[in-house]
Amino acid sequence: MTFRKILLSWYRKNARALPWRGTRDPYVIWLSEMILQQTRIEQGLPYFHRFMAAYPDVGALAAASEDELLKLWQGLGYYARARNLLKTAREVIEKHQGTFPGNYNDLLKLKGIGPYSAAAIASFAFGEKVPVTDGNVFRFLSRYSGSVIPIDTSQARNNIRDLAYSLMGDVDPGTFNQALMEFGALHCVPAQPVCHSCPFSHACAAFQTGQVQQIPNKKSKIKVRYRFFHYLVCIFRDVRNSPVMAVKKRQGKDIWRSLYDFPLIETQTIRLPASQELQIPQPLRQLLKTKPCWTSPEIKHVLTHRTIRSKFYLYDLPSRITAQHLPDGYRLISPEDFHSLAVPRLIDKVWRERIEPRIKKIVAKQMTF
DNA sequence: AACGCGGGGCA
DNA sequence: TGCCCAGCGTT
């Protein structure tokens, strides 16, 4: 039996029924691939369904606003994917007459589509013979070939890609690619793979030499750094005396770019220094001279390469305010409308669990004078 | 080549 | 905690 025969036989018995399998519509495949980058299928699945319902085709997606798209993307992480999604949808509509490029090289030119995604779309939708090389494939084939070259080097990746190409044959590259990834995802798993029931164990170099636990080898380790965020939640009153809060859309190349959050002071420790010691814009400096009506305990938010240690300060300010009083980039929003903004998971949780209930109390108290 | 970018699940 | 997940863009 060839590698290919064994793999396809395993796949026929074990393949999961996933909603983007069994279609050749490049839009559906592209959308699923963008959602699934660095994301577990179980985590991405509900997002995929919501996106398909909201944007059934690339034209519908191209007509969306960035804020609307990001709201739907909220909680998935890696928000550049959502911005690239919109950019590419508009590119396909405006420069490709609504039709996705039909080959690997042209797909690669689109924003958000790298070597893996281009190969996935080209093989699944168009039957092009290009091997997909995702984390599952790297793990499976580096074990199969017994390669101890660190997987986070271009040399190792090129070797795996060439090996995958040499194994895939000429018939139905899309199904071969699906099967290759599925085997890595379900059988040749990162920790404690079940080698004694593996259909490849007789030919697997890592298993034969007892190196399964050491492969794939990795060169660089993740180093976690701390960041300290102090969020100032400011409640003002608008011209009709209704509560409004100041929020800001995050800019620059930092974390959570293009999501909304509250006025933020970042420090080097969890202690918030006195206002005169801080290099901060004038409106916030004024604010820090008054006392917050509520201060949160430290709230940790753990990411892969960062741990955000945050505190929230709630200010109930009787003063009336209009948007002109605020620094550039800020806007005002009522507490009832806050849920319509795309915000980081940290903000979403703290808002729902700790801040919104307190604001409701404050507002209710003032209504019943 | 190295780094930054989210969030969740698992050992 | 550390590692990984249907990676990509930037520097």
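Here is how names work: the chains are called A, B, and so on, in the same order as the sequence lines, proteins then strands, and each is numbered from 1.
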**Asked** A/Lys300 has an atom NZ; how far is it from atom C1' of B/dG7, in whole Å?
**Response**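 Taking NZ of A/Lys300 and C1' of B/dG7, I get 17 Å after rounding.
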
**Request:** For A/Lys253 and C/dT10, give me the distance from atom NZ to atom P, rounded to whole Å.
**Result:**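 So the NZ-P distance, A/Lys253 to C/dT10, works out to 8 Å.
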
**Request:** Kindly write out the residues that satisfy ring pair (Phe, Tyr, Trp, His ring centres under 6.0 Å) with A/Tyr260, not counting sequence neighbours, or none if the list is empty.
**Result:**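 A/Tyr260: no ring pair (Phe, Tyr, Trp, His ring centres under 6.0 Å) contacts found.
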
**Request:** With the side chain counted from C-beta on, respond yes when A/Asn136 and A/Leu180 share a heavy-atom pair under 4.5 Å apart, and no when they do not.
**Result:**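 Side chain of A/Asn136 against side chain of A/Leu180, heavy atoms only: no contact under 4.5 Å found.
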
**Aromatic A/Tyr79 / basic A/Arg257 pairing, under 6.0 angstrom, 45° off normal** =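 Judged by the rule (NZ or CZ under 6.0 Å from the ring centre, within 45° of its axis), A/Arg257 is not positioned above A/Tyr79.
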
Expected output is a numbered-order residue list: members of [range] with a heavy atom under 4.0 Å from any atom of DNA chain C. What is it?
range: residues 99-122 of chain A; answer: A/Leu110, A/Lys111, A/Gly112, A/Ile113, A/Gly114, A/Pro115, A/Tyr116, A/Ser117
range: residues 124-162 of chain A; answer: A/Asp134, A/Gly135, A/Asn136, A/Arg139
range: residues 28-36 of chain A; answer: A/Leu36

Does anything in [range] form a side chain to side chain donor-acceptor pair (under 3.5 Å)? List the pairs, not counting sequence neighbours.
range: residues 225-235 of chain A; result: A/Arg227-A/Asp254, A/Arg227-A/Glu266, A/His230-A/Thr267, A/His230-A/Tyr313, A/Tyr231-A/Asp261
range: residues 16-26 of chain A; result: A/Tyr11-A/Arg21, A/Arg16-A/Glu182, A/Arg21-A/Gln178, A/Arg21-A/Glu182
range: residues 31-58 of chain A; result: A/Glu33-A/Tyr116, A/Gln37-A/Ser117, A/Thr39-A/Arg81, A/Tyr55-A/Glu68

Starting from [X] and following side-chain heavy-atom contacts under 4.5 Å between hydrophobic residues (I, L, V, M, F, W, Y), which residues can be reached?
X: A/Val194; result: none
X: A/Val212; result: A/Phe207
X: A/Val148; result: A/Ile215

**Message:** For DNA chain B, which residues of residues 65-74 of chain A approach it to below 4.0 angstrom with any heavy atom?
**Reply:**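 Under 4.0 Å from DNA chain B: no residue of residues 65-74 of chain A.
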
**Request:** Ignoring hydrogens and angles, state whether a donor on the side chain of A/Ser340 or A/Asp337 is under 3.5 Å from an acceptor on the partner side chain.
**Result:**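 Per modelled atom types, A/Ser340 and A/Asp337 side chains form no pair under 3.5 Å.
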
**Message:** For the residue pair A/Ser258 / A/Arg83, report whether a side-chain donor-acceptor contact shorter than 3.5 Å exists.
**Reply:**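 Result is yes, a qualifying pair exists.
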
**Request:** Step through it carefully: locate the ring centre of A/Trp294, locate the ring centre of A/Phe312, and say whether they are under 6.0 Å apart.
**Result:**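 Ring centroids of A/Trp294 and A/Phe312 are no less than 6.0 Å from each other.
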
**Prompt:** Taking the six-membered ring for Trp, is the centroid-to-centroid distance between A/Phe200 and A/Phe3 below 6.0 Å?
**Reply:**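 Close enough - the centres of the two rings lie under 6.0 Å apart.
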
Euclidean distance for [atom1], [N] against [M] (whole angstrom):
N: B/dC3; M: C/dA6; atom1: C1'; result: 22 Å
N: C/dC8; M: B/dG8; atom1: P; result: 22 Å
N: C/dT10; M: B/dG7; atom1: C1'; result: 22 Å

**Item:** Closest to the A/Lys221 side chain, choosing from C/dA6, B/dG7, C/dC3
**Value:**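 Of all the options, the side chain of A/Lys221 is nearest to C/dC3.
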
**Asked** Only one of A/Leu108, A/Leu110, A/Ile113, A/Val132 clears side-chain contact (heavy atoms from CB on, under 4.5 Å) with A/Ile121; which?
**Response**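 Of the listed residues A/Leu108, A/Leu110, A/Ile113, A/Val132, the side-chain contact (heavy atoms from CB on, under 4.5 Å) partner of A/Ile121 is A/Ile113.
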
**Asked** Parallel under 30°, tilted from 30 to 60°, perpendicular over 60°: which one fits the rings of A/Trp10 and A/Phe183?
**Response**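 Correct class here is perpendicular.
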
Enumerate all atom pairs, one protein N or O and one N or O from nucleotides 8-10 of chain B, separated by less than 3.5 Å.
unit_1, atom_1, unit_2, atom_2, d
B/dG8, OP1, A/Arg345, NE, 2.6
B/dG8, OP1, A/Arg345, NH2, 2.9
B/dG8, N2, A/Arg40, NE, 3.0
B/dG8, N2, A/Arg40, NH2, 2.9

